[in-house]
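Read the structure below first, then the notes.
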Amino acid sequence: SRDDKTNINELLSNIRNCSRVHIAKCITMIESSLEKDKIKTEFLLQKLKPKDDSIRIGITGVPGVGKSTFIEALGIKLIERGHKVAVLAVDPSSKRTGGSILGDKTRMEKLSVNPSAFVRPSPSQGHLGGVAKKTRESILCLEEAGFDIIFIETMGVGQAETAVYDMVDIFLVLLLPSGGDELQGIKKGIIELADLIIVNKADSDLKKTAEITVRDYKTALSIIGDKNRNEKIEVLKCSSLFSEGVDDVWDFIQKFINFRISNDLFFEKRDDQRLRWLWEIVNLKADEFINKNIKKKKIIKKIEDEVKNREIGLVNASRLIFDYF
């Protein structure tokens, strides 16, 4: 409606003025499953222009590795250097109740109250890959608000978090000291996607162990190599608790981004990510259409009953449904 358009334009104006309340309202609308909010979100997104002057940093690692503490330690240092930092922290949703704890904000006490930062925990809503369904849309909203450093913290489900790689400029994998020998580093999946491997909690009694872990991973990476990569995967150690080694991490991120910009790889990757996003939207719309319009049809119910009664095979049944669709 005309009123809705006016409200969205006002919302957009407040977002551009970096109103934290309105940014939160915007992301809530983006994540909503209500049909009206989906239409409003599409109208809003048409007004947002992609910005290539931000840095999107993906961070993953097993639960308990210290992702939130690391983000706060690095985020505070970046704010001191004049940056505006936003964090999208994804929390796993319960398969039984659909609920999420959304407790990552409480682990970033200093960052969450800093006027130059914005921390938003979001439920995964069953979406695979360690990120939420609407993470990309939320990134655009935060960039429109002027945040130039955006962290995407995955929910930490191990080696299946490859979806975040398709929406960030640099992908960091956090490891615990004594996380395994060289063979751990050779594991395919999440390690081979990493641009930087960080051994966190390198302090106190674990300092020497962290140094051994760094050496093991460097050895492993030198063995497997990757001819398709333009940059060498670096392995660093840090202590988020005492902010030791955090500056080295940021120095590496800057060099990495500058190298990719100078070789046009930065913009090529962003363009590829936009195409992937296009087809992800198409797939989501197709899923919604199937669930709302196809599954309820009598002919589909009949095919389902025939599958249950073993009167028809799964392959034939799927072909019939697909042809009907």
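Worth saying up front: this structure is predicted, and the values here are computed from it rather than measured.
- The residues E144 and K51 are annotated as salt-bridged, a charged nitrogen and a carboxylate oxygen being separated by less than 4.0 angstrom.
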_Between F147 and I23, is the side-chain contact (heavy atoms from CB on, under 4.5 Å) condition met? List the steps._
CA-CA 11 Å; F147 291 98; I23 294 167; 3.8 Å; yes
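- Ring-plane geometry between H83 and W250 is classed as perpendicular, the angle between the planes exceeding 60 degrees on a 0 to 90 degree scale with a lower cut at 30.
- Residues I212 and V173 do not share a hydrophobic cluster, clusters being chains of Ile/Leu/Val/Met/Phe/Trp/Tyr side chains in contact below 4.5 Å.
- The ring-ring contact (aromatic ring centres under 6.0 Å, His included) test applied to W277 returns no partner, not counting sequence neighbours.
- Of the charged side-chain nitrogens involved, at least one lies within less than 4.0 Å of a carboxylate oxygen, so that E143 and R56 count as a salt-bridged pair.
- Contact detail for A117 and I79: the closest heavy-atom pair is CB-CD1, 3.8 Å.
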*Begin from the C-alpha positions of K40 and S32 and carry the test side-chain contact (heavy atoms from CB on, under 4.5 Å) through to its verdict.*
CA-CA 10 Å; K40 287 180 179 179; S32 172; over 6 Å; no
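- Among residues two or more places apart in sequence or in another chain, the ring-ring contact (aromatic ring centres under 6.0 Å, His included) test is passed with H22 by none.
- In this structure, L241 CG and S204 OG are separated by 8.0 Å, a value rounded to the nearest 0.5 Å.
- A salt bridge links R270 with D52: the distance from a Lys NZ or Arg NE/NH1/NH2 to an Asp or Glu carboxylate oxygen falls below 4.0 Å.
- With hydrophobic clusters built from ILVMFWY side chains whose heavy atoms lie under 4.5 angstrom apart, F242 does not share a cluster with F70.
- For the side-chain contact (heavy atoms from CB on, under 4.5 Å) with I57, the qualifying choice from D169, L196, D195, I149 is I149, the only one to do so.
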*Given side-chain contact (heavy atoms from CB on, under 4.5 Å), test F252 with I170 step by step and report yes or no.*
CA-CA 10 Å; F252 175 86; I170 183 168; 4.1 Å; yes
_Apply side-chain contact (heavy atoms from CB on, under 4.5 Å) to residues D4 and F43 and explain how you reach the verdict._
CA-CA 10 Å; D4 288 332; F43 180 77; over 6 Å; no
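- Hydrophobic clustering (side-chain heavy atoms under 4.5 Å, transitive across Ile, Leu, Val, Met, Phe, Trp, Tyr) groups L193 together with I197.
- By the rule that hydrophobic residues join a cluster once side-chain heavy atoms approach within less than 4.5 Å of another member, V164 and L142 end up as members of one cluster.
- The distance from atom CG of L11 to atom CZ of R16, rounded to the nearest 0.5 Å, is 10.5 Å.
- Salt bridge absent: K255 and E234 never bring a charged side-chain N and a carboxylate O closer than 4.0 Å.
- One hydrophobic cluster holds both I15 and L48 under the rule that ILVMFWY side chains link at heavy-atom gaps under 4.5 Å.
- Summarising the geometry, atom CD1 belonging to I71 is positioned 4.0 Å from atom CD1 belonging to I59; distances are rounded to the nearest 0.5 Å.
- Salt bridge K269/D272: absent, no basic N to carboxylate O contact under 4.0 Å.
- Screening L320, I294, N293 against I300 for a side-chain contact (heavy atoms from CB on, under 4.5 Å) leaves a single residue, I294.
- Closest approach of S243 to A73, counting heavy atoms only: OG-CB, 4.0 Å.
- Between E306 and K302, at least one side-chain N (NZ, or NE/NH1/NH2) sits under 4.0 Å from a carboxylate O, which counts as a salt bridge.
- Between the CG atom in N316 and the CD1 atom in I321 there is a gap of 11.5 Å [rounded to 0.5 Å].
- Applying the 6.0 Å contact sphere to CZ of R274 captures more than 12 heavy atoms from other residues, nucleotides or ligands.
- K49 NZ: 12 or fewer foreign heavy atoms inside a 6.0 Å radius.
- Around CZ of R81, the count of heavy atoms belonging to other residues, nucleotides or ligands within 6.0 Å exceeds 12.
- Taking CD1 of I55 as the start and CD1 of I150 as the end, the distance is 10.5 Å to the nearest 0.5 Å.
- Taken from NZ in K38 to NZ in K134, the straight-line distance is 6.5 Å, to the nearest 0.5 Å.
- No side-chain N or O of T69 forms a donor-acceptor pair with one of S240 less than 3.5 Å apart.
- Other residues, nucleotides and ligands place no more than 12 heavy atoms under 6.0 Å from the CG atom of D205.
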